[in-house]
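Chain naming here is simple, since letters A, B, ... match the order of the sequence lines and numbering starts at 1 in each.
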Amino acid sequence: MSASQETPSDSAHDPWAPLLDAVVAGLVHAATAVGVGLTAATIRDQLNLEGGAEGDIAFPAFRAAQAAGRKPDELAGALAAAFPPTPGIASVTARGAYVNLRADNAELARATLSLVLSRGGAYGEGPKSSVSACVEHTSANPTGPFHIGRVRNAIIGDTLARALRASGVPVTTQYYLDDMGRQAAMITWIWSKPRAEWPESIRRAVDGEETPGEKPDRHRGRPYPAVSAYLKENPEARDEVAALVQALETGHPPERHRALAQEILDGMLASLGRLGIFFDELVWESDFVRSGAVDQVLERLGKSPHAVREENGALAIDTASYGLPKESTHVVVQRGNGTSLYVTRDIAYHLEKFSRFDRVIDVLGQDHRLHARTLEALLAEVGESRRPSFVIYQDITVPEGGRMSTRGGSAVWLDQLLEEAVARARKEVLLRREDLAEADVGRIAEAVAAGAIRYHIVRVAPEKPVVFRWEDALSFEGRSGPFVQYSYARASSVLRKGGADAPPYPFDPALLSHPDEAALVRVLARFPAAVAYAARTAHVHTIAGYAHDLADQFNRFYHAVPVLNSGVERESRIALVAAVRQTLGNALDLLGLERLATM
RNA sequence: GGGCGCGUAGCCUAGCCUGGAUAGGGCACCGGGUUCCUAACCCGGCGGUCGAGGGUUCAAAUCCCUCCGCGCCCGCCA
């Protein structure tokens with residue numbers, strides 16, 4: 001982590017805070033003593049908190065030396081020598097142009113363990129913020145089951161919401177449902193006809209594929225690709241669907257329309273639920289048309305100096321002044337027939353979000369990037385000064401190349417992946433646990449499967465493309481969700497066998513002197529900064545990285561240092577393990593992975 | 001063509017915002033480890049022109065420019 005990621009200043013939340021303050025104060029003092037003017041802000045800005053073999057915190061003296069007209073190596077040596085004795089700082093040494101500062105192991109252990117153990121589930125959380133936020137994510141059209149590509153949105157969004165909450169921000173999550181567009185109309189169009197009247201090609205695509213009792217999203221979504229293909233060839237059917245779209249807009253949807261969307265949605269949400277993803281609010285696009293909000297948007301847009309009225313009555317906005325690509329500056333917001341477009345309704349939706357929340361965050365696939373910029377321009381056009389924050393992620397592609405596509409048949413369904421993952425997890429559980437009841441095997445397998453999938457998707461930075469490979473998605477080893485879960489279970493097991501399942505956890509920090517203990521304490525102490533960084537940058541993949549680092553160091557400690565079989569250190573080591581279990585559990589919560597006490 | 005994003009060992013990936021000391025992990029591969037708290041683990045080894053070139057700087061994976069490759073978008077679709 002770079003210095004900026006960790007700018008702890010609050011000792012109530014971050015065990016590093018007092019030590020950092022002490023380091024800065026000591027360096028200011030030392031600088032003055034050696035005749036160099038350095039402000040606390042300058043020092044804090046240049047500190048390297050990654051440390052290294054020489055210490056926990058490093059101060060590169062290059063810039064300060066240049067400003068003072070001295071040699072970097074010489075200045076570093078002078079600063080180190082002039083650093084005052086400071087409680088909590090064990091050593092200050094110079095190496096090359098760097099001043100290296102090492103925290104006192106016992107003091108850091110004391111500060112960290114007491115903070116973790118006293119805050120418990122709140123360890124990692126920041127101070128409560130008065131700024132509220134809305135995270136809109138997933139928002140997949142209710143036209144069929146989730147494929148893995150869409151699930152990336154849900155996992156990033158859900159994890160971001162969790163990270164923001166932990167950082168102190170009150171968050172509301174929303175799933176924006178398109179029940180207005182062509183896609184939704186296609187579903188209603190086909191299911192409003194009796195099977196016998198379905199076009200031959202559509203019936204053929206579905207017949208024999210269905211399985212009894214299949215989920216509603218699967219069932220209702222089956223004809224979708226065939227319908228899509230059919231419409232390309234049949235203008236009269238296309239007209240029927242267009243008429244449906246118009247009916248939706250004018251407030252006269254067919255009876256079954258909303259019910260069908262809801263039915264499919266229920267199936268989709270059930271799948272997300274297995275990944276621990278739930279929404280605070282479902283927002284239906286059609287509500288903004290019905291409420292008149294869209295009309296109001298159109299009225300305001302019509303008054304814009306950039307408004308252009310076409311001959312056929314369509315309304316467009318010239319967004320050239322907003323720096324959009326020159327081919328995209330003519331944005332139509334109302335069709336010639338008077339109906340609105342997706343972007344228009346989205347303006348109404350965003351105005352509503354801004355009326356309720358301070359921060360509006362949208363998780364979008366990269367194909368929506370231009371839409372996002374258009375949205376920003378149009379929000380300005382209607383007089384909204386605030387802008388959403390966009391979290392843009394790249395597509396998940398298939399090894400053969402290209403995006404996952406329902407129509408192209410390259411989609412891997414979430415349910416399909418879950419099923420396979422559960423089967424493999426079950427096998428792994430049975431391999432090592434013969435003592436478990438069937439219900440426990442099933443429960444663990446489900447949690448491991450969901451954990452593997454969530455972790456596999458969230459571990460990569462959103463701006464990186466991901467190629468879906470079964471063997472990677474189903475990995476339970478190394479940098480994986482199950483590895484973190486396993487480490488949690490291992491810590492739980494130690495505490496259980498030690499008869500130390502619950503507090504209090506008394507400890508003597510001086511006894512935690514083994515190098516692997518010192519290293520473990522340092523990873524624990526990093527957690528609050530890691531949470532704050534993820535929330536601030538929306539780079540939630542860093543939480544996955546942190547969880548792995550902590551699990552990794554715990555396992556090293558576990559192998560190198562006996563806990564229950566130790567002597568005077570036993571009690572203190574149990575406290576350390578309890579702190580690890582707590583922090584690992586908190587990290588698992590952030591990632592939406594289940595805490596497993598045993599596996 | 002224009003805009004945006006990505007390019008780090010055989011494969012996957014962190015670090016890039018805010019430039020600092022031998023570029024962290026994982027998979028695969030090779031060699032070890034279980035009379036001991038869960039081996040979904042641990043220890044050691046192998047493997048790097050950080051896409052290419054130029055620039056800025058005491059210092060560049062990181063900042064700037066050019067180029068190459070890949071992806072996405074450029075609808076009165078969503």
Side-chain angles (χ1 to χ4, degrees), chain A residues 1-5 45-46 48 50 52-54 58 60-63 65-66 72 95-98 100 141 178 180-184 245 285 310 312-316 323-329 332-337 339-343 345-346 365-371 373 392-395 397 401-403 425 428-429 431-433 448 452 459-461 463-467 469 471-472 475-480 482-483 485-487 489-498 537 539 541-542 545 548-549 551-552 555-556 558-566 573 577 598-599:
Chain A
M1 284 200 201
S2 72
S4 58
Q5 291 178 23
D45 190 51
Q46 292 180 15
N48 178 350
E50 285 164 65
E54 291 277 316
F62 297 100
R63 277 186 261 196
Q66 195 163 42
R95 174 169 167 187
Y98 296 81
N100 296 292
N141 291 341
D178 172 27
M180 289 291 302
R182 220 173 104 84
Q183 304 196 344
V245 170
E285 193 175 12
E310 312 279 333
N312 69 354
L315 180 67
L324 269 74
K326 60 177 179 285
E327 300 86 352
S328 318
T329 54
V332 176
V333 294
Q334 185 178 35
R335 293 192 184 91
N337 67 10
T339 57
S340 65
L341 286 101
Y342 168 69
V343 68
R345 291 172 234 130
D346 212 12
Q366 68 155 334
D367 53 334
H368 281 63
R369 199 148 212 151
L370 182 60
H371 171 72
R373 296 196 59 191
I392 307 284
Y393 64 92
Q394 299 285 312
D395 295 309
T397 59
R403 274 195 280 190
E428 293 297 318
V429 176
L431 209 59
R432 55 204 101 204
R433 298 294 299 272
V448 166
R459 60 191 256 272
V460 182
E463 61 269 20
K464 302 266 193 175
V466 169
V467 179
R469 292 194 183 81
E471 61 272 31
D472 293 345
S475 167
F476 298 160
E477 294 171 359
R479 236 197 125 201
S480 72
F483 172 70
Q485 290 173 309
Y486 176 75
S487 306
R490 181 174 252 182
S492 302
S493 172
V494 171
L495 297 176
R496 197 167 49 240
K497 293 218 166 128
T537 61
H539 269 178
H541 67 283
T542 57
H548 174 264
D549 287 351
D552 193 39
N555 282 307
R556 267 200 281 274
Y558 178 88
H559 281 281
V561 183
V563 177
L564 301 181
N565 303 326
S566 60
R573 287 179 179 164
V577 173
T598 180
M599 63 186 273

Distance check, [atom1] atoms only: [N] and [M], in whole angstrom units.
N	M	atom1	answer
rA21(B)	rC6(B)	P	23 Å
rC12(B)	rU34(B)	C1'	30 Å
rG48(B)	rA9(B)	C1'	5 Å
rG10(B)	rG3(B)	P	34 Å
rU13(B)	rA59(B)	C1'	27 Å
rG33(B)	rG47(B)	P	24 Å
rA52(B)	rA60(B)	P	15 Å
rC70(B)	rG26(B)	C1'	24 Å

Hunt down the Watson-Crick or G-U wobble partner of [N], both distances under 3.5 Å, from any strand shown, or write none.
N	answer
rU56(B)	none
rG7(B)	rC68(B)
rG44(B)	rC30(B)
rG1(B)	rC74(B)
rC50(B)	none

Describe the nucleic acid contact of [X] in one word from base, sugar-phosphate, nothing, applying a heavy-atom distance below 4.0 Å.
X	result
Gly96(A)	nothing
Val448(A)	base
Ala316(A)	nothing
Val429(A)	base
Asn337(A)	nothing
Phe476(A)	base
Thr397(A)	nothing
Ser328(A)	sugar-phosphate
Met180(A)	nothing
Val561(A)	base
Pro562(A)	base
Arg345(A)	sugar-phosphate
His548(A)	sugar-phosphate

Taking [atom1] from [X] and [atom2] from [N], how many angstroms apart are they, rounded to a whole number?
X	N	atom1	atom2	value
Glu285(A)	rC77(B)	CD	P	13 Å
Glu477(A)	rC29(B)	CD	P	11 Å
Tyr342(A)	rC76(B)	OH	C1'	16 Å

Nearest to the [X] side chain among [options], which nucleotide is it?
X	options	result
Lys497(A)	rG3(B), rC37(B), rG25(B)	rC37(B)
Val494(A)	rG25(B), rC76(B), rC37(B)	rC37(B)
Arg459(A)	rC76(B), rC36(B), rC12(B)	rC12(B)
Gln66(A)	rC6(B), rC4(B), rC58(B)	rC58(B)
Asp367(A)	rG25(B), rC73(B), rG5(B)	rC73(B)
Phe483(A)	rA78(B), rU13(B), rC41(B)	rC41(B)
Arg490(A)	rC77(B), rU13(B), rC41(B)	rC41(B)
Arg95(A)	rU13(B), rU22(B), rC72(B)	rU22(B)

Check whether any side-chain N or O of [X] sits under 4.0 Å from OP1 or OP2 of [N], and answer yes or no.
X	N	value
Arg335(A)	rC77(B)	yes
Arg556(A)	rG25(B)	no
His541(A)	rG15(B)	yes
Arg63(A)	rU57(B)	no

By nearest heavy atom, map Asp549(A) and Lys464(A) onto RNA chain B; which one lands nearer the 5' end? Lys464(A)

Pairwise 5' ranking along RNA chain B for Asn100(A) and Asn555(A), keeping only the more 5' one: Asn100(A)

Do the non-hydrogen side-chain atoms of [X] and [Y] ever get within less than 4.5 Å of each other?
X	Y	result
Pro562(A)	Arg573(A)	yes
Ser566(A)	Val561(A)	no
Leu370(A)	Pro325(A)	yes
Phe483(A)	Asn555(A)	yes

Taking all heavy atoms of [X] and all of [Y], pick out the closest pair and write down the distance.
X	Y	value
Glu463(A)	Gln394(A)	O-CG, 2.8 Å
Asp395(A)	Gln366(A)	OD2-NE2, 3.4 Å
Pro482(A)	Ala452(A)	CD-CA, 3.7 Å
Thr598(A)	Arg496(A)	CB-NH2, 4.2 Å
Arg369(A)	Ile392(A)	NH1-CG2, 3.5 Å

Side chain Glu327(A) and base rG1(B) donor-acceptor under 3.5 Å: yes

State whether the distance check finds a donor on one side and an acceptor on the other, under 3.5 Å, for side chain Gln366(A) versus base rG71(B). yes

